[in-house]
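Below is one structure, written out as structure tokens, with a few remarks after it.
Quick caveat: nothing in here was measured; it's all calculated off a predicted structure. Below, each value reflects all heavy atoms present in this structure, side chains not excepted, and no hydrogens, waters or symmetry copies.
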Amino acid sequence: QVQLVESGGGSVQAGGSLRLSCAASRTIFSASTMSWYRQAPGKQRELVALITSGGSANYVDSVKGRFTISRDNEKNTVYLQMNSLKLEDTAVYYCRDVRLGVWGQGTLVTVSS
């Protein structure tokens, strides 16, 4: 059974940076499109970024130029580098294997002023 385990969340001041990691187990990771979603309190879960098996990345407009998604197929891990964080980036961030439809448990990011 495939598992996705996120890490790297925490509390940071506005303007700061965090790097989220999502490690996958028991899967042909390199074949999967991987994605990061987030869900803020009282809001629907939204797609933040995704990266294809070939390394092509796409982002929601609100994070373009601030967030970078990347992957290391040797480590079965996808990353989300988040810079210039804003208050509105506060959310639980989830990793998802798009090919397999598997979600991670989420990691909380809190941005304060």
Side-chain angles (χ1 to χ4, degrees):
Q1 185 175 355
V2 175
Q3 287 186 318
L4 301 176
V5 179
E6 300 102 332
S7 61
S11 297
V12 64
Q13 287 191 324
S17 298
L18 284 173
R19 188 176 81 155
L20 306 182
S21 299
C22 171
S25 64
R26 303 178 197 169
T27 180
I28 305 174
F29 177 81
S30 61
S32 291
T33 290
M34 299 297 296
S35 57
W36 285 98
Y37 284 73
R38 66 185 178 187
Q39 187 165 19
K43 295 189 176 181
Q44 289 188 329
R45 194 172 296 190
E46 67 167 348
L47 176 63
V48 175
L50 65 81
I51 186 166
T52 67
S53 58
S56 296
N58 285 285
Y59 303 90
V60 67
D61 285 347
S62 59
V63 308
K64 284 181 180 177
R66 301 188 298 120
F67 290 12
T68 302
I69 189 171
S70 61
R71 64 191 299 157
D72 184 337
N73 291 335
E74 294 296 320
K75 296 182 178 180
N76 281 7
T77 300
V78 61
Y79 304 97
L80 186 67
Q81 178 66 45
M82 305 185 294
N83 298 328
S84 301
L85 282 161
K86 303 177 179 180
L87 299 180
E88 52 265 40
D89 294 319
T90 294
V92 178
Y93 284 73
Y94 298 90
C95 174
R96 182 173 186 247
D97 184 318
V98 177
R99 179 174 66 95
L100 300 176
V102 176
W103 293 88
Q105 82 288 353
T107 186
L108 177 63
V109 172
T110 303
V111 184
S112 60
S113 58

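- Across every non-hydrogen atom of Ser21 and Trp36, the tightest pair is O-CH2, 3.7 Å.
- Minimum heavy-atom separation, Cys95 to Met34: SG-CE, 3.7 Å.
- A search for salt bridge (Lys or Arg N to Asp or Glu O under 4.0 Å) contacts involving Glu88 returns nothing, not counting sequence neighbours.
- Under the side chain to side chain donor-acceptor pair (under 3.5 Å) criterion, Gln3 pairs with no residue, sequence neighbours left out.
- When the side chain to side chain contact (heavy atoms under 4.5 Å, CB included) test is applied to Ser17, the partners found at least two apart in sequence or on another chain are Gln81, Asn83.
- The shortest side-chain heavy-atom distance between Met82 and Asp89 does not fall under the 4.5 Å cut-off.
- Annotation: side chain to side chain contact (heavy atoms under 4.5 Å, CB included) contacts of Ser62 (sequence neighbours excluded): Arg38, Val60.
- With sequence neighbours excluded, the residues forming a side chain to side chain contact (heavy atoms under 4.5 Å, CB included) with Ala23 are Thr77, listed by chain and number.
- Residues forming a side chain to side chain contact (heavy atoms under 4.5 Å, CB included) with Ser70 (at least two apart in sequence, or on another chain): Tyr79.
- Remark: Asp97 engages no residue in a salt bridge (Lys or Arg N to Asp or Glu O under 4.0 Å) (not counting sequence neighbours).
- Each side chain to side chain donor-acceptor pair (under 3.5 Å) pair with one or both residues in residues 104-113, not counting sequence neighbours, appears once here: Glu6-Gln105.
- Hydrophobic clustering of Ile, Leu, Val, Met, Phe, Trp and Tyr side chains at less than 4.5 Å, counting indirect connections, unites Ile69 with Val102.
- Residue Leu100 is grouped with residue Phe29 when hydrophobic side chains (ILVMFWY) are merged at heavy-atom distances under 4.5 angstrom, including chains of intermediate members.
- Ile28 is not connected to Ile51 by any chain of hydrophobic side-chain contacts under 4.5 Å among Ile, Leu, Val, Met, Phe, Trp and Tyr, and they are in different clusters.
- Grouped with Tyr94 in one hydrophobic cluster are Tyr37, Leu47, Leu50, Val92, Trp103, Leu108, the linkage being side-chain heavy-atom contacts under 4.5 Å among Ile, Leu, Val, Met, Phe, Trp and Tyr residues.
- In this structure, the salt bridge (Lys or Arg N to Asp or Glu O under 4.0 Å) partners of Lys64, at least two apart in sequence or on a different chain, are Asp61.
- Within the 3.5 Å criterion, the main-chain N or O of Gly54 finds a donor-acceptor partner in the side chain of Thr52.
- Applying the ring pair (Phe, Tyr, Trp, His ring centres under 6.0 Å) criterion to Tyr59, with sequence neighbours excluded, gives no partner residue.
- Leu87 approaches Val111 most closely through the heavy-atom pair CD2-O, 3.4 Å.
- Arg99 meets the salt bridge (Lys or Arg N to Asp or Glu O under 4.0 Å) test with no other residue; sequence neighbours excluded.
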